[in-house]
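One structure is given below, encoded as structure tokens.
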Amino acid sequence: MSWQKWRKVIQRALFFPSQANRDLDDEIRFHLAEETRLQSERGLADEDAAVAARRLFGNVALAKEETRAVWVSTRLEQWLQDLRFGCRILTRSPGVSLTSTLLIALVIGGNTTVFSIAHGVLARPSPGVHAPRLATVSWAAENGDSQTHADYPVYSHFIEHSSAFQPIAAFEFARLTMTLDSGSYAARAGIVSPNYFDTLGVRLVKGRSFLPEEAKPGPARLVVVIAHHIWQNHFGGVDDIVGRPLTVNGQSATIVGVAAPNFRGAIFIELADLWIPLTGEIRDDLQVNRGVAVAMIGQRKDGVSLSEAQAQLATLWTQLQQARPELKQRHKVRLVSYSATAGGNSIVATRANRMLAVFSVVTALTLVIVCANVTNLLIARAMVRQREMAVRQSLGASRGRIVRSLLAEGLVLSVVAWIAACVFAWWVSKAVVPFLVPETGVVPPDLTPDWTVVAYALGLALLCTLAVTAGPALRIRHQQLLPFLKVGEQGVVQGRSRLTHGLVVLQLAFSVLLLTSAGL
């Protein structure tokens, strides 16, 4: 069924339920009228023809019920009824419902918070970078380590012969002295290729980026692009900042642009105060020599996949290895999707997969522990409701419908817990940033939960729904009706079953394992 048909069905079920019943009545009347006409043409009187038509058609009420049973809107309506009934049942035992919701919200919120922080550090771009299809060039060694730097001739060879990118940008960082009218300051400089800001999609609030001729070796005057906080703190945010003089390591320079407020560099651990054009030769310790390594980030052209771009770079790298034997043969070029930590040689970048694996195991353990606890609570409540369930089955409710109502109750619990968990993760991700980045003036990473984190939390909530309703559903499915339908029979909570005993043992075992791992 197409989405348009699904939308019409849902709209009719939610907003026009009586219209479907009227259409069904009209169709039945049409069939009865046609059959009556046929019987009249065979010689029967009008009253006899109508009776014969009804006899041939059968039970009208039964036909309506059978027709409604196969409607998608009927199933949707039943689901809505189950959800409403689940909400009412949860309000009858607020203590159990609140405890279950808080337990599920705690485990989902904690895991979502950690996932949001890990996602913000490992997968997101540096603040201020807005460009699709970015990829980081790195080199993988046989021992699993990686590095992101290569000497300038490698970069030159890549940009001259690679057709998969809208030219690759190169950059390096250096520490230098910046002299202003107010004094001299230690500064961190990004030494970048002219296409650096365009490749990263970084917006300049004032002026322009570098021109190609400004990156050529020669005695041309040095130009710089300054960070937004330098403009505000040292120049007072004046409008005529472009063209003002600046001294860098004793050499005169001219300010040609101001970067966006939230941009400090393409890599999370390298934060620049100003940027200088990259040339192929050194000039008073400001420019990168051809023997000094640079990092590379490129934006793939439309229609070029990551694997195609990597294959092209691998071919170019092989050509360089053949022409220059001094290059390390044990290194292989690797292209990875860009993030603020992608492809680096830091612990975060090189051990990201292992960190995520450990995080997944811890998530699974905490989920099992909490789900086992909540399942025990819901089993205890289901044992109190055994007489209610038996009466419902005796009145015609199928076991599947009862299991579905239990699933609806668990879904209501999990959805409420999911909303609370997302709010908790958003609050913690905001509160933890000052502790992660305490330095004044440093642009903090964006750890705010996005749709990926919200979807992750929703997946955990749905998983919890299935887990916590499995125990009560199994118990109801094997419940005998007669003992609970006898006159005077009360729904008394019986002794613990093997299932509840097993869940308690499971909680204790995994709790000890998790605490031991955390202690180690």
Side-chain angles (χ1 to χ4, degrees), residues 115 117-151 154-155 157-159 161-173 190 192-193 195-196 198-202 263 265-270 293-318 320-321 327-360 445-447 450 452-453 456:
F115 179 80
I117 294 174
H119 177 70
V121 173
L122 298 176
R124 285 188 176 179
S126 181
V129 176
H130 302 286
R133 304 182 306 278
L134 282 178
T136 301
V137 183
S138 62
W139 283 263
E142 294 177 353
N143 60 1
D145 294 334
S146 63
Q147 62 182 29
T148 55
H149 290 66
D151 58 18
V154 174
Y155 167 67
H157 186 75
F158 280 175
I159 62 174
H161 299 89
S162 175
S163 60
F165 294 91
Q166 300 167 351
I168 302 173
F171 58 95
E172 186 49 270
F173 293 90
V192 301
S193 58
N195 61 343
Y196 178 76
D198 293 334
T199 299
L200 298 180
V202 175
F263 180 71
I267 298 179
F268 180 66
I269 60 175
E270 299 285 357
V294 295
M296 289 174 262
I297 294 178
Q299 183 173 179
R300 293 176 285 113
K301 292 182 178 179
D302 291 334
V304 178
S305 65
L306 192 68
S307 57
E308 292 173 346
Q310 176 165 332
Q312 186 180 87
L313 288 186
T315 302
L316 297 177
W317 178 243
T318 303
L320 279 173
Q321 288 178 318
L327 294 177
K328 295 182 178 180
Q329 299 293 330
R330 62 189 181 93
H331 283 141
K332 294 183 179 179
V333 68
R334 184 179 63 175
L335 201 63
V336 295
S337 296
Y338 164 75
S339 71
T341 57
N345 53 8
S346 65
I347 295 178
V348 174
T350 57
R351 298 293 182 264
N353 293 333
R354 298 181 185 180
M355 293 179 183
L356 293 177
V358 172
F359 168 67
S360 301
D446 185 11
L447 305 181
D450 58 5
T452 306
V453 179
Y456 171 79

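R133 meets the salt bridge (charged side-chain N to carboxylate O under 4.0 Å, His left out) test with D302; sequence neighbours excluded. Not counting sequence neighbours, the partners of D198 by the side chain to side chain contact (heavy atoms under 4.5 Å, CB included) test are S209. By the side chain to side chain contact (heavy atoms under 4.5 Å, CB included) test, A266 is found to be paired with F171, Y196, L200, I297, Y338, residues two or more places apart in sequence or in another chain being considered. Under the side chain to side chain contact (heavy atoms under 4.5 Å, CB included) criterion, T315 pairs with Q319, not counting sequence neighbours. Taking Y456 as the reference, N111, T112, F115, F359, T363, L460 meet the side chain to side chain contact (heavy atoms under 4.5 Å, CB included) condition, with sequence neighbours excluded. Contacts of Q312 classified as side chain to side chain donor-acceptor pair (under 3.5 Å), with partners at least two apart in sequence or in another chain: S162, S163. In terms of the ring-ring contact (aromatic ring centres under 6.0 Å, His included) criterion, residue partners of H161 (sequence neighbours excluded) are, by chain and number, H157. Listed by chain and residue number, nothing satisfies the ring-ring contact (aromatic ring centres under 6.0 Å, His included) test with F165 (two or more places apart in sequence, or in another chain). For the side chain to side chain donor-acceptor pair (under 3.5 Å) test, no residue two or more places apart in sequence or in another chain qualifies with T199.
Of all heavy-atom pairs spanning S193 and Y155, the tightest one is CB-OH, 3.5 Å. The shortest non-hydrogen separation linking E308 to G303 is OE1-O, 3.8 Å. Nearest heavy-atom pair across S337 and L306 is OG-CD2, 3.8 Å. Residues L335 and A309 come closest through the heavy atom pair CD2-CB, 3.5 Å. Closest heavy-atom contact between G265 and S126: O-OG, 2.6 Å. Closest approach of E172 and V294 over heavy atoms only: OE2-CA, 4.2 Å.
Atom CD of Q166 is separated from atom CG of L134 by 9.5 Å, given to the nearest 0.5 angstrom. To the nearest 0.5 Å, atom CD of residue Q310 and atom CZ of residue R300 are 11.0 Å apart. To the nearest 0.5 Å, the span separating CD1 on I159 from CG on L316 amounts to 12.0 Å.
Neither side chain, S138 nor T136, offers a donor N or O lying under 3.5 Å from an acceptor on the other.
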Start with the C-alpha distance between V137 and W317, add both sets of side-chain angles, then the distance that settles side-chain contact (heavy atoms from CB on, under 4.5 Å), and finish with yes or no.
CA-CA 11 Å; V137 183; W317 178 243; over 6 Å; no
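Using a 4.5 Å heavy-atom cutoff, the side chains of Q299 and P132 are in contact.
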